[in-house]
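So that the names make sense, note that chain A is the first sequence line, chain B the second, and so on, each numbered from 1.
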Amino acid sequence: MARGEDPGIVDAILAADERRRSSLGEFESLRAQQKAVSKDVGAAMGAFQQAKAAGGADAGRLEAAAHAARARAAHLSERVKGLESVADEAAAELGDLLRRVGNVIIEGVPAGGEDDYVVLDTVGMPRDFTAEGFAPRDHLELGELLGAIDMERGAKVGGARFYFLTGVGAMLELALLNLAMAQATAAGFTPMITPTLVRPEIIIGAGFMDAHSDEVYHLEADDLYLAGTSEVPLAGYHADEIIDLTAGPRRYAGWSACYRREAGSHGKDTRGIIRVHQFHKVEMFSYCRPEDAEAEHERLLAWEREMLAKVEVPYQIIDTAAGDLGGAAARKFDCEAWVPTQGKYRELTSTSNCTTYQARRLGVRERDPSGSGTRTVATLNGTLGTTRWIVAILENHQQPDGSVRVPAALVPFLGREVLTPIS
RNA sequence: GGAGGCGUCGCAUAGUGGCCUAGUGCGCCCGCCUGCUAAGCGGGUUGAGGAUAACACCUCUCGCGGGUUCAAAUCCCGCCGCCUCCGCCA
């Protein structure tokens, strides 16, 4: 409802489920009969064969009995097939309807669309470049001055929205992502380098083929999809498994290239590396118990804040409105960094609580702690670093001469304190 | 890319169309026995769905999906994965 979806689908689902159950019941009881009769055929055939081998006088009678039983079984078999296809159709119909329903929004998520987010916190102050007496350069101009970004050759090689990170640019990205991996590992995450090509059932299960399907590259010859985030392979990592969460959440830090078609965003963010077809990302991914999910979401957000503090950029945290959530998310917090030359905050991280949505579709379960059987777990994800962070780092830490101060936490990973323009 | 082999319960293995409910061993769980431990004895031990107040019970599940048959772990077709050999190659 909060997403603005049609509530009528619920009635359709209930009706479809009713049809499935009744047709399944009919099929199963007749199937049980058929099995029993069919088993008699086997026994009758065996008796006949034995009598025949022994030259018994009643061989003829037994043969007739066996054939009679077989005829009855054949008749039942026809009817069973009919009922089975009815039951299968009913189940497929229900499945289709269920897949169309987005995740249930968590209480307290702001209603509305893209612009109806609520700012939860603002951290740090944007620099006053007027007071400092110079006009800030944008990240691309800085990147070119520093010999860090080459958009022109990126376009020559890969087309629009492709780029080369060169020299210190390449090193800066590696330093940033290594810092993110180091933080995650220290926090107990298992480091992962993931496949970036995934099978259809994985990307469908992760929920990326509903609202985001235009965003996904598809390799037709192999029927594989290029993941837009390592959330996809990490969600699939435990697919169809029963995992043990008794010792707490399972946390993975995935490092991967990410691919996005950016269809429908023509003309938007065309300058620089804000919005590109390929970038790199360190992603946190957590499997936890459903009742722990909201607390885990807060933890992921806290780790994002820790990482943003390390790169020393001003940012705000927003609680994304219901209508702007993907199909999988029940709640989403974005951290947006201040971009001086745009005079606004731009998304650097995004953490979603997908509750049981992805795990249900991918078959990730745990032993039910309150008794017998299994139950679906919850999954959550959050960003720890991406190529886009370079934008915020360059612009916020630039100096009048075009050089850029390296945040202290990055210095050990980059091996220098200042990036200076190449001659 | 070519040729061949393989995929059975948590693990290992038996099972080439029916004749008990997929047998056996290991592991694990429960119980018994023993002064303790080990051993021994008995029972249990995939998952999904239906049904039920809860049981009982029923259906499906031998990599996955189709097919043949009254009947499929077993036969046929497609796919996925693993192994061996050959070819090609960063």
Side-chain angles (χ1 to χ4, degrees), chain A residues 13-54 56 58-59 61-99 157 193-205 218-225 233 236-247 257 356 359-377:
Chain A
I13 285 171
L14 290 175
D17 187 46
E18 180 53 40
R19 278 197 298 283
R20 177 186 71 98
R21 286 216 307 269
S22 63
S23 59
L24 190 61
E26 280 181 54
F27 158 66
E28 284 185 353
S29 60
L30 198 65
R31 177 85 170 130
Q33 271 185 53
Q34 188 216 347
K35 279 179 69 168
V37 171
S38 194
K39 191 162 288 183
D40 291 344
V41 176
M45 294 296 269
F48 161 59
Q49 296 295 346
Q50 268 181 16
K52 194 171 130 191
D58 54 353
R61 184 180 58 77
L62 287 170
E63 184 179 16
H67 279 94
R70 199 159 86 176
R72 283 197 302 149
H75 175 65
L76 275 172
S77 168
E78 280 307 306
R79 290 174 56 203
V80 165
K81 272 183 190 151
L83 286 173
E84 184 176 23
S85 66
V86 171
D88 284 351
E89 272 170 38
E93 195 186 332
L94 177 66
D96 283 349
L97 285 170
L98 283 174
R99 268 187 292 282
V157 170
I193 294 175
T194 68
T196 49
L197 292 173
V198 300
R199 297 175 178 241
E201 61 267 29
I202 300 297
I203 198 156
I204 290 167
H218 180 222
L219 300 186
E220 206 154 332
D222 300 285
D223 196 19
L224 290 170
Y225 294 85
Y237 187 68
H238 285 302
D240 295 318
E241 291 182 24
I242 297 168
I243 60 173
D244 183 4
L245 296 177
T246 50
T356 57
R360 203 178 326 120
R361 293 155 62 113
L362 289 165
V364 189
R365 293 155 296 156
E366 67 164 339
R367 300 275 169 207
D368 197 322
S370 70
S372 59
T374 62
R375 64 169 189 165
T376 305
V377 306

Could you give the distance separating [M] and [N] at their [atom1] atoms, to the nearest angstrom?
N	M	atom1	value
B:A39	B:C28	P	9 Å
B:C62	B:U74	P	8 Å
B:G5	B:C58	P	40 Å
B:C20	B:G15	C1'	15 Å
B:G1	B:C75	C1'	30 Å
B:G7	B:U13	C1'	14 Å
B:C6	B:U16	P	14 Å
B:C64	B:C11	C1'	22 Å

A:Q33 or A:R21: which one's nearest nucleotide on RNA chain B is closer to the 5' end?
A:R21
Using Watson-Crick or G-U wobble geometry with both distances below 3.5 Å, tell me the partner of [N], or none.
N	result
B:C75	B:G67
B:U21	none
B:U16	none

Which pairs, protein N/O on one side and nucleotides 87-90 of chain B N/O on the other, fall under 3.5 Å?
none

Apply side-chain contact (heavy atoms from CB on, under 4.5 Å) to residues A:R361 and A:I204 and explain how you reach the verdict.
CA-CA 8 Å; A:R361 293 155 62 113; A:I204 290 167; 3.9 Å; yes
Listed nucleotide nearest any side-chain atom of A:L24, set B:G50, B:G47, B:A71:
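Output: B:G50.
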Restricting to nitrogen or oxygen on both sides, can you table the protein-nucleotides 61-65 of chain B pairs closer than 3.5 Å?
none

N/O contacts under 3.5 Å, protein versus nucleotides 8-11 of chain B?
none

For the residue pair A:R367 and A:T374, what are the closest heavy atoms and their distance?
NH1-CG2, 4.2 Å
